[in-house]
Amino acid sequence: MLDLRLIRENPHMVKSAMEKRGLGPDISKIDEIIEADSERRKVLVEVERLKQLRNETGDKIAELKKRKEDASGLIAEMRKISDRIKELDLKVRDIDETLRLLLLEVPNIPHESVPVGADERSNVEVRRWGEAPSFSFKPKPHWEIGEALGILDFKAGAKIASSRFTLLRGAGALLERALINFMLDLHTREHGYTEVFPPILANRDSFIGTGQLPKFEEDMYVCSDDLLLAPTAEVPVTNIHRDEILKESELPIKYTAYTPCFRREAGSYGRDVRGIIRQHQFNKVELVKFAHPDNSFDELESLTRDAEEILQKLGLHYRVVVLSTGDLGFSAAKTYDLEVWLPGAGEFKEISSCSCFTDFQARRANIRFRPEDGGKPRFVHTLNGSGLAIGRTFAAILENFQLDDMRVVIPPVLRPYMGGMTVIEKY
RNA sequence: GGAGGGAUGGCAGAGUGGACUAUUGCGGCGGUCUUGAAAACCGUUGAGCACUGCAAGGUGCUCCCUGGGUUCGAAUCCCAGUCCCUCCGCCA
């Protein structure tokens with residue numbers, strides 16, 4: 001959520017930010033907001049004046065009653081004032097609700113360092129690590145390898161649930177678990193993150209806090225009791241501190257969490273239909289930071305490097321791209337995607353998305369800190385990134401470390417997590 | 001699922017219709033004392049919004065779990081809901 005005062009005082013800047021995102025048609029919302037805001041303040045002035053009168057007259061009535069004098073004239077007068085107050089209060093509430101709904105649909109303002117462009121074709125590569133492995137044979141896609149080894153069972157996943165669900169078996173299930181543990185260990189032991197294991201169902205307030213609601217409900221699995229399955233640990237973990245005032249000295253707060261994630265993938269029919277790249281349920285280790293506004297973009301750099309280190313330790317070739325304004329997520333001010341090389345597909349594929357949300361989520365979720373000098377509470381800046389998506393890492397390992405007989409060499413850093421196994425053999 | 005208890009400021013915890021401008025304690029901050037610190041003592045310390053002012057500030061309104069209601073007036077009375085705790089039942 002943007003600061004209403006920013007919109008009021010600098011509407012052109014907000015409109016131009018929306019244009020850069022390719023949201024030209026939604027610009028009229030800004031004018032609606034400005035109009036509702038000025039109407040609200042007009043009514044507010046009147047109702048507050050009446051309330052002052054009510055409070056003062058109330059004291060007079062109490063005084064008269066104490067002296068056992070007649071107050072019926074004042075009481076009759078106040079009855080009318082009171083009705084008028086009720087009327088105006090209702091009006092303010094209506095405007096407030098309209099304003100709130102409008103504000104919740106305005107996206108964050110991109111950081112000045114973000115390249116301007118219509119879509120992902122304007123994303124800019126900022127660095128590249130390692131080299132693509134060379135093969136003496138045609139590398140296969142991960143789903144062929146996984147099925148041949150008996151560690152990926154797409155038929156079973158579809159039978160149990162539906163398409164875009166996969167059963168992992170034997171060394172596959174073990175590899176998944178090894179990746180989770182390896183990533184959590186690195187982030188907690190070497191990068192200073194505190195491990196948490198949150199609820200994976202969360203309420204609507206939490207989803208509004210991080211920006212998935214109200215705009216993107218069709219992407220979510222909504223359960224009975226009005227709880228929703230988290231599409232990313234970002235939702236429950238960021239909301240740990242909803243409605244709290246933190247100490248300045250405890251910033252940045254850094255959490256890492258392993259959770260399953262659930263996405264309906266509405267509107268992605270035909271994309272990544274084969275394999276485990278795009279699933280309704282997948283595992284992810286997430287990194288979340290609550291940072292001081294003064295250095296949040298430095299924290300984005302270090303968070304991104306924390307995620308990159310996983311790929312480096314696994315020996316996977318990747319590149320880092322900064323998303324352009326047209327590809328940037330609704331809540332984000334700046335995002336780096338890590339894209340891993342997939343030899344089977346012959347392309348780079350997103351494996352992590354690291355974002356700084358400035359105070360956009362903090363405003364929605366009301367997460368503040370109290371400055372040490374005793375000033376007013378200020379909103380923190382929130383950040384998060386995948387560190388990493390487990391399923392896509394799994395796929396990258398299969399494709400990058402495959403042998404000509406479809407066996408797969410396990411990266412050395414994972415071997416201790418897999419009972420010393422060095423190669424995945426046919427199950 | 002059944003029965004009972006509860007929700008008040010960073011925390012603890014009083015307050016049953018007008019004196020609440022929400023008592024008090026702890027914690028925080030500032031000061032006195034001290035070589036320094038602790039203790040003691042003194043002072044100070046919630047959030048949001050609006051109006052006003054060049055500014056420091058000033059004025060007002062709202063907020064005692066949420067939403068309704070009663071009343072001239074509600075932290076306080078009534079109704080509904082949410083969450084937490086205790087006990088019983090069921091259960092991994």
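From a predicted model like this one, the values you see are computed outputs, not experimental measurements.
- Side-chain atoms of A:Lys86 lie closest to B:U70 of the nucleotides B:C51, B:C49, B:U70.
- Phosphate contact (OP1/OP2 of B:C72, side-chain N/O of A:Arg79, threshold under 4.0 Å): present.
- Base-pair partner of B:C54: not found among the strands shown (Watson-Crick or G-U wobble, both distances under 3.5 Å).
- In this structure, A:His191 and A:Tyr193 have perpendicular ring planes: the angle between them is above 60°, well past the 30° mark.
- Pairing partner, B:G48: B:C61, with both Watson-Crick or wobble hydrogen-bond distances short of 3.5 Å.
- Using Watson-Crick or G-U wobble geometry with both donor-acceptor distances under 3.5 Å, B:G1 finds its partner in B:C88.
- Put simply, CG on A:Leu99 is 14 Å from C1' on B:A50, counting in whole angstrom units.
- Atom name C1', nucleotides B:U45 and B:G10: the rounded distance is 11 Å, in whole Å.
- Taking the six-membered ring where the residue is Trp, A:Phe165 and A:His280 present tilted rings, their angle falling between 30° and 60°.
- Base pairing analysis places B:U34 opposite nothing; no Watson-Crick or G-U wobble pair with both distances below 3.5 Å involves it.
- A heavy-atom distance below 4.5 Å is not found between the side chains of A:Leu316 and A:Ile310.
- Taking atom C1' on both B:C42 and B:G48, the two are 32 Å apart, rounded to the nearest angstrom.
- The backbone N or O of A:Asn108 sits less than 3.5 Å from a side-chain atom of A:Arg21, completing a donor-acceptor pair.
- When each of A:Gly58 and A:Asp37 is assigned the nucleotide of RNA chain B bearing its nearest heavy atom, the one mapping closer to the 5' terminus is A:Gly58.
- Nucleotides B:U32 and B:G53, compared at atom P, are 40 Å apart to the nearest Å.
- Of the options A:His111, A:His292, A:His381, a ring pair (Phe, Tyr, Trp, His ring centres under 6.0 Å) to A:Phe297 is made by A:His111 and by none of the others.
- Between B:G9 and B:U21, the two C1' atoms lie 15 Å apart (nearest whole Å).
- Remark: B:C20 base-pairs with no nucleotide; criterion is Watson-Crick or G-U wobble with both hydrogen-bond distances under 3.5 Å.
- For A:Lys376, a side-chain nitrogen or oxygen approaches OP1 or OP2 of B:G48 to under 4.0 Å.
- Contact annotation: A:Arg5 side-chain N/O to B:G48 OP1/OP2 distance is not under 4.0 Å.
- Geometric assessment of A:Arg264 against the ring of A:Tyr221 yields a positive cation-pi assignment under the 6.0 Å and 45° thresholds.
- Of the nucleotides present, B:G25 is the one that pairs with B:C11 by Watson-Crick or G-U wobble criteria, both distances under 3.5 Å.
- Distance A:Lys60 NZ to B:A19 P: 16 Å, rounded to the nearest Å.
- A:Arg40 contributes no side-chain N or O that, together with a main-chain N or O of A:Asp96, makes up a donor-acceptor pair within less than 3.5 Å.
- For the pair A:Ser82 and B:G73, the criterion of a side-chain N or O lying under 4.0 Å from OP1 or OP2 is met.
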Pairwise N/O distances under 3.5 Å, protein to nucleotides 61-67 of chain B:
{"unit_1": "B:C61", "atom_1": "OP1", "unit_2": "A:Asn55", "atom_2": "ND2", "d": "3.0"}

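- When the P atom is used for both B:C41 and B:C26, the distance is 9 Å, rounded to whole Å.
- Remark: B:A74 base-pairs with no nucleotide in the shown strands. Criterion, Watson-Crick or G-U wobble with two distances under 3.5 Å.
- Between A:Phe290 and A:Phe369, the ring centre distance reaches or exceeds 6.0 Å.
- Between B:G25 and B:U8, the distance separating the two C1' atoms is 15 Å to the nearest Å.
- Listed candidates were B:G18, B:A47, B:A50. Nearest to the side chain of A:Arg368 is B:A47.
- Taking atom C1' in both B:G15 and B:A37, one finds a spacing of 40 Å when rounded to whole Å.
- Side-chain proximity of A:Arg370 to B:G10, B:G18, B:C51: nearest is B:G10.
- Comparing the same atom, C1', in B:U70 and in B:U76 gives a spacing of 13 Å after rounding to whole Å.
- Looking at A:Lys91 and A:Glu39, their side chains come closer than 4.5 Å, going by heavy atoms from C-beta outward.
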